[in-house]
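Below is one structure, written out as structure tokens; the observations come after it.
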Amino acid sequence: MIDSGATAFVLICTAMVMLMTPAVGLFYGGLVRRKNFISMIALAFIAFALVSIQWVVCGYSLAFGTDICGLIGGLDHIFLQGVGMEGDGIPDLLFMVFQMVFAGLALAIVTSGVAERIKISSFIVFGLLWTTLVYDPLAHWAWGGGWATQLGAIDFAGGTVVHISSGFSALALALIIGRRLGFGGHGMEPNNIPMVLLGGALLWFGWFGFNAGSALAADGLAVNAFVATNIAAATGALAWFALAWVRGRPGSVGIISGAIAGLVAITPAAGFVAPIAAIPIGACAGIVCYAALVFRIRRGLDESLDAWAIHGMGGIFGALATGIFAVAAIGGVNGLLYGNPGLLLIQAVDVTIAVGYSFGMTCLIAKVIDAVMGLRVTEEEEYVGLDIAQHGESARV
Amino acid sequence: MIDSGATAFVLICTAMVMLMTPAVGLFYGGLVRRKNFISMIALAFIAFALVSIQWVVCGYSLAFGTDICGLIGGLDHIFLQGVGMEGDGIPDLLFMVFQMVFAGLALAIVTSGVAERIKISSFIVFGLLWTTLVYDPLAHWAWGGGWATQLGAIDFAGGTVVHISSGFSALALALIIGRRLGFGGHGMEPNNIPMVLLGGALLWFGWFGFNAGSALAADGLAVNAFVATNIAAATGALAWFALAWVRGRPGSVGIISGAIAGLVAITPAAGFVAPIAAIPIGACAGIVCYAALVFRIRRGLDESLDAWAIHGMGGIFGALATGIFAVAAIGGVNGLLYGNPGLLLIQAVDVTIAVGYSFGMTCLIAKVIDAVMGLRVTEEEEYVGLDIAQHGESARV
Amino acid sequence: MIDSGATAFVLICTAMVMLMTPAVGLFYGGLVRRKNFISMIALAFIAFALVSIQWVVCGYSLAFGTDICGLIGGLDHIFLQGVGMEGDGIPDLLFMVFQMVFAGLALAIVTSGVAERIKISSFIVFGLLWTTLVYDPLAHWAWGGGWATQLGAIDFAGGTVVHISSGFSALALALIIGRRLGFGGHGMEPNNIPMVLLGGALLWFGWFGFNAGSALAADGLAVNAFVATNIAAATGALAWFALAWVRGRPGSVGIISGAIAGLVAITPAAGFVAPIAAIPIGACAGIVCYAALVFRIRRGLDESLDAWAIHGMGGIFGALATGIFAVAAIGGVNGLLYGNPGLLLIQAVDVTIAVGYSFGMTCLIAKVIDAVMGLRVTEEEEYVGLDIAQHGESARV
Amino acid sequence: MKMVTAIIRPEMFNAVRTALEGEGIYGMTVSEVMGRGAQKGIALQFRGKAVPVDLIPKLKIEMVVKDADVERIIRIVRAHARTGRPGDGRIFVLPIERICRVRTDEEDPPES
Amino acid sequence: MKMVTAIIRPEMFNAVRTALEGEGIYGMTVSEVMGRGAQKGIALQFRGKAVPVDLIPKLKIEMVVKDADVERIIRIVRAHARTGRPGDGRIFVLPIERICRVRTDEEDPPES
Amino acid sequence: MKMVTAIIRPEMFNAVRTALEGEGIYGMTVSEVMGRGAQKGIALQFRGKAVPVDLIPKLKIEMVVKDADVERIIRIVRAHARTGRPGDGRIFVLPIERICRVRTDEEDPPES
Ligand SMILES: Nc1ncnc2c1ncn2[C@@H]1O[C@H](COP(=O)(O)OP(=O)(O)O)[C@@H](O)[C@H]1O
Ligand SMILES: Nc1ncnc2c1ncn2[C@@H]1O[C@H](COP(=O)(O)OP(=O)(O)O)[C@@H](O)[C@H]1O
Ligand SMILES: Nc1ncnc2c1ncn2[C@@H]1O[C@H](COP(=O)(O)OP(=O)(O)O)[C@@H](O)[C@H]1O
């Protein structure tokens, strides 16, 4: 039976999550140098458009088709076969599109690792392969009846599927494509911080759809996820802000980065923990991700826009925190704090495999593409900036 | 009986469609020269505010009042008389306001044809006349029980009513107001592409409300429309992108223009075709509108921001595509592909009359206003830019 | 019993209202000088994050806990104790978070009075005290069973609680912190009007959630509030626009300011008056707030971004208008026009006390903070701008 | 060497640039400026009142060139930036004493 | 002819412009710049540490005027852009060798 | 006095600024510009076709300094803005006739 309230809710949530993809583009676009501002936004749009098609053609089926050995879904739903207006609570087709916007967003986050230097043709090929070979299996494992589900690992709204995968894939890409010319020496300040903050605001907004919508119903669980989401964002922002203050002048980019760290960490937990548990989860996420960012910079890693530090490490922390704070009264499972250390162990296993698989497979894909067609633009193009070199456009004048 | 899920859904969709009007303003504002940036956004706000009042005073009644000879609605609902909290599924008042935001948006799209040169006082008069004499009749014909409904023409969310009407009206206006000073010779590059992309992102977001909301319920049909909408946007974007690539460097403005082309074309079809049909519809729309744009530029037509090429031609294509791809399993009507060539014929008739009427009537209104008060600012004002000349404001310094 | 349509609706409305806080930041950020652009947005984020935590810790309980002498709520709900997934129509937890986003927004509006000169540490302390000592009591009085409810004062969505309180608090703060250096002589034109308009567009969008969501159900009343909201925004915008035109060139900032004036004024009334009554309410609000703004400038008051003129005076006007136009058929109470002058009197009493309390208490808090830690940055910091001085960031170069 | 500073309408920039390229002149630095001409700006009429015109966006092109090229550049800019209406812009010529590349230690000849 | 380049606080621009208009000086080109004065910038205190101040937004006004007007303009700018606090700005005078209109082939007299 | 105008890559600005500070040079005015070098710009390949490169963002630093400092500044800018690849930028030296403070009636010495 279709519930009209649930359907209404998930439809709007889907639209809100869709908006997150251009929001990531604006967020990233404001962070890079002006000559690559447009390029970052364009990459987000391209990512979303590509995945939209990939998903209806085969992605959805690979993720949610009949399980094959716990590893991947079958091809029973390619071209949306058998995905219709009926469903349990919400139409199957709605579930399909709700999942689609997650996949699109994940690919957009990955662009962090190749910002200001990826060849657009290679990105298109990469995007299709990555979604098919990395995202779809991970989605199957966690939500499509794969081994992780069978093991009992929990991921409410995609901490592992979306954030760990995109964060560690961004890291892998960054290592293979190499640093930007002049990284470390050259100034690479954000060209447009108000745009970063606007993008961040839209992310925060969309995240309600992301997490609360994952309840797939407009019920108490959705509300629980919603409230936890907001609390974690707030404590994440404040924790990062406080840390940055201790070390100097606290920037606004730090505030919004902390909020996103909190949002990432609460993502797997939102429907499993009590809202109040979002206070420690968000605050620790702010600290963990801040430390990861500092570590990355110290190590001279050019994972340029910190998808790894924030989405990757935030995602790991969130998955583990879910194993700690989960309480049966909310999501039916108890975590460490409620006497079930097993869950934490399962979460750790799940995280480890997700990290390893997404990092390894992305390395492989990137290496192959690099060998075949080259991942990176020429030095001249990088110097000129991708806006002009690839799009023939420029963000001003 | 009021359904709370449906009401919730249509309420939020209405808000999302409302957001599309300033989004058009941002989109257009980023495309014009910097000296008219504010003017374009202000026109969108003025359009929306004017139509909001016109609609409750008489517009809604003209469109949805008791039918008079299939041509126009009666005055039974002026000042919202008899439009209350009761209704079938959703309150009548909600249907009224949902329709209102469409009317406001349509007028904002029309500003494309007069960008950077319209006198604000004339725009106000034009807006009121256009909404009353062009939009309201068209809405009545398609949705208010007028001849088009009686004929069996179908238009799910306003391909004819909103897009053909605004696109061809923009063309008519552009022809009558004349080209911008220096058009063809002068550089008229977009002043702020990130804003264009932001506006486009909000349009894409709002379009879910536009199309899915037109189901007037949170049910399978809404979901069908939602999914088709997203697919068409994605294929439209990719098709335009690919074409632009073949001809040179593919710009980001092209990506978003293609997405809008796809969105326009799926608008009349979204609740009548299978989601998968949105792949060819979106892709062809990208191609058709791209060609229309190239044609317009070749012909030296200064329909400045391509409402004609994208909304007008995309709307025609979409209306015809609905006649081809419609399938009874979704919306109760079969099209050409499912053995009913009659529908295509009806759609063609409907489109022809809509094109003719909106183009002709807009010409008439524009001519009269031009004769009485002048449509266009002085040469000095145009040179200085409308931001300063009309608003005493400027987008920087 | 939880209604899924209502829950869906209020969840999304909450997200929309959340978006209003950064929207206020963008709106204010565009209005100040470039050197404080980031600072204004950051203040909005900080306000929201702080209040998010304050609210779950104690704010919600102070506002909606068991009434103590009509003055304040008890501490029965601190740390969300007893606020769960059950509820009447919507889960209690949802009501809690819906109220939270209002509180966050109110504090963001207050930053108008200290724009370009507040010390960030003092703002944090101020924000916590203000929310606890001003906002929470006002919310309790109006909605939590306090004296105002008992008296019969009505405030549908927060005209008194949010707008009068923030507007008059901004005025109090402005008087105590003093004028900006060079105020009156120096040019202080908005640095980025397109951002102002974008912020305004998001405010208009979010306001649907604010007012319609306050019905706490997806029903006819919500629809009524929605329609009234849009009409008031439109007439407010047009009234201000017309006035500005009579006096010179009508700016776009005036259009959006008028819209906000209309939105503020309809806030307390939206669920008590007929939609058509929003025409005079919105139009008069545009005029009243315009006059207040002119008055403020004439008097040389540096309540910098006109929270007082628009939210404060618009809120007073709206509360009184509610007493005039309320009609039992909509919200169960008649106002002056429907033969019940008593309501107007009650509204006047309520407004007077709200104005006096928020102004007085804010003065007190501000004085104490000023004495203890200083409210204001140094002259050098003010000259350099808060972006650099406090955040080490800058909006361009 | 001279610096030729041309302040032109932004919409004429492409034409000017193309023409300069056609004559082999590539080096230039461009910035967005706001400007007002000597003739009091343009007097707009607003409901019967004359309204002082604020500054209008212009593009400033700075080209450092050999003395011998100045005349030619002025000719090109005039030919391609002119519309004949007020606001077409100005060209200023300033003396330059030295030019250095950053990339090499090369010094472009101070007078040529 | 000279080019008088004044770098002032953005907030003083309106006053300066009005004063210049009052004296009949209209032609000017304005741009947004960032600047730092010679006195090491302003030393902000941030929790006990002195923090180097970054560049601060300024407005640059370029006016090409007759030699005879230079003195007057400097006086006007000083009178209206001064606050007395560090950061009020600088005025530079540069020589101009030629001025051409784009609109006509007219040459403004090189020395007057 | 001279005005040293350096047009450099935006990403090298911090290094240059720090180095200048280290040598006691603080006063500067910075603006965002777009530029193209003399060597026809960079020829990008786009699917086999050479595509003319549009203007690229640069930073312009203007420093008015004593004649004696010019050499030193040029040296510093070269040392810290150089990458060795085309696009590193140019330094122009212009004569300055007068420098005035706005804050005081002080005149910085015209020649020193
Ligand atoms: N005396 C001047 N000093 C500096 N810039 C000037 C001067 N006169 C004109 N300009 C610049 O040239 C631009 C065009 O000048 P304008 O007088 O409008 O052109 P025209 O002489 O063709 O009417 C102005 O916007 C301004 O930027
Ligand atoms: N030596 C210089 N070279 C170039 N620009 C300078 C120089 N000194 C000052 N300026 C410009 O003038 C502005 C104001 O200078 P500042 O020294 O702060 O003023 P004041 O002398 O009144 O304290 C600076 O922001 C900078 O843009
Ligand atoms: N002749 C010139 N006139 C004005 N600006 C120039 C000139 N030549 C170079 N520039 C400026 O210097 C910048 C760098 O020049 P470029 O020739 O690319 O450096 P390089 O000589 O190191 O290759 C250009 O982007 C432009 O802004």
Side-chain angles (χ1 to χ4, degrees), chain B residues 2-9 11-12 14-16 18-19 21-23 25-26 29-30 37-39 41-42 44-46 48-53 56-57 79-80 83-87 90-91 93-94 96-97 100-101 120-121 192 195 198 202 218 387-396, chain C residues 3-13 16 34 89 189-194 197-198 200-202 204-209 212-213 217-224 226-227 230-231 233-238 241 245 248-256 258-259 274-276 278-279 330:
Chain B
I2 300 301
D3 176 76
S4 82
T7 302
F9 182 58
L11 276 167
I12 305 292
T14 306
M16 288 165 71
M18 176 266 147
L19 192 57
T21 299
L26 292 171
F37 190 176
I38 292 171
S39 155
I41 313 179
F45 274 106
I46 292 171
F48 190 77
L50 281 178
V51 174
S52 288
I53 305 309
V56 301
V57 170
F79 287 100
L80 301 185
V83 187
M85 295 191 191
E86 296 75 40
I90 61 169
L93 203 56
L94 177 53
M96 185 284 300
V97 73
M100 174 204 284
V101 290
I120 206 165
S121 52
N192 195 329
M195 267 303 173
L198 170 59
L202 292 176
D387 289 4
I388 289 176
Q390 306 227 12
H391 299 291
E393 294 174 331
S394 117
R396 262 188 109 65
Chain C
D3 176 76
S4 82
T7 303
F9 182 59
V10 181
L11 275 166
I12 305 293
C13 286
M16 288 165 70
R34 182 156 51 115
E189 284 77 32
N191 83 88
N192 196 329
I193 290 179
L197 298 176
L198 170 59
L202 292 176
W204 192 328
F205 171 71
W207 224 295
F208 291 123
D219 58 6
L221 189 64
V223 173
N224 190 87
F226 192 105
V227 174
N230 193 63
I231 293 177
T235 47
L238 294 175
F241 180 71
W245 206 339
R249 281 177 292 177
S252 66
V253 172
I255 297 174
I256 194 68
I276 216 74
I279 294 182
I330 306 289

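Quick note on labels: first sequence line is chain A, next is B, and so on, each numbered from 1.
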N/O donor-acceptor pair under 3.5 Å between Q390(B) side chain and S39(B) backbone = no

Bottom line for I90(B): the part with an atom under 4.5 Å from chain C's heavy atoms is neither

Ranked by heavy-atom pairs below 4.5 Å to chain C, first place among G5(B), A49(B), G84(B), G30(B) goes to A49(B)

So what's closer than 4.5 Å to chain B heavy atoms on F205(C): side chain, backbone, both or neither?
-> both

L197(C), part contacting chain B, at a heavy-atom distance under 4.5 Å = both

Separation between OG of S252(C) and CD1 of I41(B), rounded to the nearest 0.5 Å = 7.5 Å

Tell me, out of I276(C), I279(C), L221(C), who's got the most heavy-atom pairs with chain B below 4.5 Å.
-> I276(C)

Checking heavy atoms, do the side chain of M16(B), its backbone, both or neither come under 4.5 Å from chain C?
-> both

Partner set under side-chain contact (heavy atoms from CB on, under 4.5 Å) for A217(C), not counting sequence neighbours = A6(C), D219(C)

Which one, P194(C), S4(C), A201(C), leads in non-hydrogen pairs under 4.5 Å with chain B?
-> P194(C)

Closest heavy-atom contact between A395(B) and F37(B)?
-> CB-CD1, 3.9 Å

Answer with side chain, backbone, both or neither: which region of T14(B) has an atom nearer than 4.5 Å to a non-hydrogen atom of chain C?
-> both

Heavy-atom distance under 4.5 Å to chain C: side chain of S121(B), backbone, both or neither?
-> both

At a heavy-atom separation under 4.5 Å, does V10(C) approach chain B through its side chain, its backbone, both, or neither?
-> neither

Under 4.5 Å heavy-atom distance to chain C, tell me which part of L26(B) shows up: side chain, backbone, both or neither.
-> side chain

Keeping the roles fixed (side chain from D387(B), backbone from E393(B)), state whether a donor-acceptor pair exists under 3.5 Å.
-> no

Residues in side-chain contact (heavy atoms from CB on, under 4.5 Å) with I2(B), at least two apart?
-> T7(B), P91(B)

Minimal heavy-atom distance between F9(C) and A212(C), with the atoms involved, is CE2-O, 3.5 Å

Distance, nearest 0.5 Å, that separates CZ of F48(B) from CE of M100(B) | 7.0 Å

Chain B heavy atoms under 4.5 Å from I255(C): which part of the residue, side chain, backbone, both or neither?
-> side chain

Search all heavy atoms of I193(C) against all heavy atoms of S394(B) and return the closest pair with its distance.
-> CD1-O, 4.3 Å

Test item: side-chain donor near acceptor, S52(B) and N230(C), under 3.5 Å | yes

Top of L93(B), L50(B), V51(B) for chain C proximity - count of heavy-atom pairs under 4.5 angstrom = L93(B)

Check whether F79(B) gets within reach of chain C through its side chain, its backbone, both or neither, counting any heavy atom under 4.5 Å.
-> both

Taking every heavy-atom pair that is under 4.5 Å apart, which of L19(B), V97(B), L94(B) has the most such pairs with chain C?
-> L19(B)

Ranked by heavy-atom pairs below 4.5 Å to chain B, first place among I330(C), L202(C), V227(C), I256(C) goes to V227(C)

